Novice: 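My questions all concern the structure below.
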Amino acid sequence: MGDGPRTTPLRVDAQRNLEHVLRAAREVFGELGYGAPMEDVARRARVGVGTVYRRFPSKDVLVRRIAEEETSRLTDQARAALGQEDEPWSALSRFLRTSVASGAGRLLPPQVLRVGVADEVAGGVREDEARVPQQRQSAPGGPDLRLVEQRSAPVEESLPDDPGAVALLDVVGRLVERARTAGELRADVTVADVLLVIATAAPSLPDAAQQAAASSRLLDILLEGLRSRPTA
């Protein structure tokens, strides 16, 4: 009987510590990237590093948890934009503004942001494009979304290994396809470009007001770069 009263407070403490660790991890990884050490997370959460490792036995486990939560949040934001905006450009720009304002770009999972500067290979497909979604014309009737196949590997190897990432790419692909079909998005803009905009327009600055202003201004400029222009 003597042990009973201590059980609930212990569970409450453990839950509170978990929330502190997750919040701290989002802040630290958002500021320093996923390469930041676990000690920084523990220090920000004001708990011992042993407490962090009790909940997350390795840094990879913690990173995966944060990345999965961020992927789910971005997917929800994209679905909301699709469902609440009738105009294709309004839906795409709403998704970008919401995602940037939430700081999502600083925590984009690596598997959905594989854009590099690899040299072009035969056939006009860059090596880095083998693992990022592209808008390609499958038939004269209209564009569809698919992953560019890597010539040296089966198609399934080019897909993200996280179902949440696949869902995110799919829903953002629908936003991109709608805007392209409506003629409001540049023909060469891909899903990867849209995700790159989110990552680029979410700087980490020490002053919150300055950060919000910089993000908004930068996003305005990037959105203008995404829009199609009428031909003369």
Side-chain angles (χ1 to χ4, degrees), residues 26-27 29-30 33-34 65-115 128-129 131-137 142-148 159-160 162-205 208-209 211-229:
R26 286 184 59 85
E27 293 174 357
F29 293 148
Y34 283 122
R65 171 71 177 267
I66 298 298
E68 287 175 352
E69 289 183 352
E70 198 61 33
T71 300
S72 177
R73 182 160 66 133
L74 285 170
T75 303
D76 288 344
Q77 291 170 349
R79 286 175 176 155
L82 273 174
Q84 298 174 18
E85 295 287 347
D86 294 330
E87 295 296 325
W89 178 256
S90 296
L92 180 60
S93 60
R94 171 177 173 157
F95 166 63
L96 287 169
R97 291 189 185 282
T98 302
S99 300
V100 170
S102 69
R106 292 186 292 276
L107 291 166
L108 271 174
Q111 66 265 33
V112 300
L113 192 62
R114 292 174 177 170
V115 181
D128 63 291
E129 290 177 338
R131 287 182 175 268
V132 296
Q134 302 288 315
Q135 296 294 326
R136 301 193 65 189
Q137 191 79 18
D144 66 339
L145 174 68
R146 68 176 183 176
L147 292 177
V148 177
L159 292 170
D162 177 9
V166 174
L168 173 62
L169 295 178
D170 176 71
V171 67
V172 176
R174 288 156 60 193
L175 284 168
V176 170
E177 184 176 353
R178 285 182 60 197
R180 281 168 53 87
T181 301
E184 297 179 309
L185 185 69
R186 280 173 41 180
D188 62 335
V189 173
T190 68
V191 177
D193 294 328
V194 171
L195 297 176
L196 185 59
V197 166
I198 296 174
T200 303
S204 180
L205 300 175
Q211 178 175 298
S215 293
S216 179
R217 175 60 176 162
L218 181 55
L219 182 56
D220 285 341
I221 295 171
L222 294 173
L223 282 171
E224 282 300 306
L226 294 178
R227 297 203 74 163
S228 62
R229 293 288 179 264

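What's counted below: heavy atoms across the whole structure, side chains too, no hydrogens, waters or symmetry copies. In this text the structure is predicted, and so the values were computed from the model without any measurement.
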Novice: Are any of the side-chain heavy atoms of Leu82 and Val171 separated by less than 4.5 Å?
Specialist: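 In contact.
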Novice: Heavy-atom count around Asp188 CG within 6.0 Å, excluding the residue itself: above 12?
Specialist: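 Above 12, so yes.
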Novice: Tell me the closest heavy-atom pair linking Arg180 and Val189, and the distance in Å.
Specialist: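 Closest pair (atom of Arg180, atom of Val189, distance): NH1-O, 3.7 Å.
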Novice: If a pair satisfies salt bridge (Lys or Arg N to Asp or Glu O under 4.0 Å) and one of its residues is in residues 212-225, list it, with sequence neighbours excluded.
Specialist: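 Every salt bridge (Lys or Arg N to Asp or Glu O under 4.0 Å) pair that includes a residue of residues 212-225, provided the two are not neighbours, is Arg97-Asp220, Glu224-Arg229.
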Novice: Answer whether the closest heavy-atom distance between the side chains of Phe95 and Val176 falls below 4.5 Å.
Specialist: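 Not in contact.
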Novice: For residues Ala201 and Leu218, report the shortest heavy-atom separation together with the two atoms involved.
Specialist: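 Reported closest heavy-atom pair: CA-CD2, 3.7 Å.
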Novice: Run the side chain to side chain contact (heavy atoms under 4.5 Å, CB included) test on Leu108 and Leu74 for me, step by step, so that the C-alpha distance in whole Å, both residues' side-chain angles and the decisive distance to 0.1 Å come before the verdict.
Specialist: CA-CA 9 Å; Leu108 271 174; Leu74 285 170; 3.2 Å; yes
Novice: Go through the steps for Leu226 and Leu96 under the test side chain to side chain contact (heavy atoms under 4.5 Å, CB included), then give the verdict.
Specialist: CA-CA 11 Å; Leu226 294 178; Leu96 287 169; 4.0 Å; yes
Novice: Ser228 side chain to Gly183 main-chain N or O, any donor-acceptor pair under 3.5 Å?
Specialist: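 Looks like yes, one N/O pair under 3.5 Å.
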Novice: Could you give the distance from OG (Ser99) to CG (Asp76), rounded to the nearest 0.5 Å?
Specialist: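 Answer for the OG-CG pair, Ser99 versus Asp76, is 10.5 Å.
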Novice: Considering only NZ, NE, NH1 and NH2 on the basic side and carboxylate oxygens on the acidic side, decide whether Glu70 and Arg73 come within less than 4.0 Å.
Specialist: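 Arg73 and Glu70: salt-bridged.
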Novice: For Phe29 and Leu107, which heavy atoms make the closest approach, and how far apart are they?
Specialist: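 Between these two residues, the closest heavy atoms are CB-CD2, 3.6 Å.
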Novice: Measure the shortest side-chain to side-chain distance between Asp170 and Val166 over non-hydrogen atoms and say whether it is less than 4.5 angstrom.
Specialist: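 Not touching, per the 4.5 Å side-chain cut-off.
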Novice: Identify the two heavy atoms, one from Glu87 and one from Arg178, that lie closest to each other, and give their separation to 0.1 Å.
Specialist: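 So the minimum-distance heavy-atom pair works out to C-NH2, 4.1 Å.
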Novice: Could you tell me which non-hydrogen atom of Leu92 sits nearest to which non-hydrogen atom of Ala179, and how far apart they are?
Specialist: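 Scanning both residues completely, I find the closest heavy atoms to be CD2-CB, 4.1 Å.
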Novice: Show your reasoning for whether side chain to side chain contact (heavy atoms under 4.5 Å, CB included) applies to Leu219 and Leu223.
Specialist: CA-CA 6 Å; Leu219 182 56; Leu223 282 171; 4.0 Å; yes
Novice: Does any N or O in the side chain of Arg26 come within less than 3.5 Å of the main-chain N or O of Ile66, such that one atom is a donor and the other an acceptor?
Specialist: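 Answer holds: no.
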Novice: When rounded to the nearest 0.5 angstrom, what is the spacing between CG in Leu185 and CG in Leu175?
Specialist: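 So the CG of Leu185 and the CG of Leu175 are separated by 10.5 Å.
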Novice: Determine yes or no for a side-chain-to-main-chain donor-acceptor pair under 3.5 angstrom, with Asp193 supplying the side chain and Thr190 the backbone.
Specialist: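 Yes, the answer is positive, given that a donor and an acceptor are paired below the 3.5 Å cut-off.
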Novice: Do side-chain atoms of Ser216 reach the backbone of Ala212 as a donor and acceptor pair under 3.5 angstrom?
Specialist: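 It does not hold such a pair.
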Novice: Using modelled atom types only, decide if a donor and an acceptor are shared between the side chain of Ser72 and the backbone of Glu68 within a distance under 3.5 Å.
Specialist: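 A pair under 3.5 Å: no.
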Novice: Of all heavy-atom pairs between Thr75 and Gly164, which one has the smallest distance, and what is that distance?
Specialist: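 Heavy-atom minimum between the residues: OG1-O, 4.2 Å.
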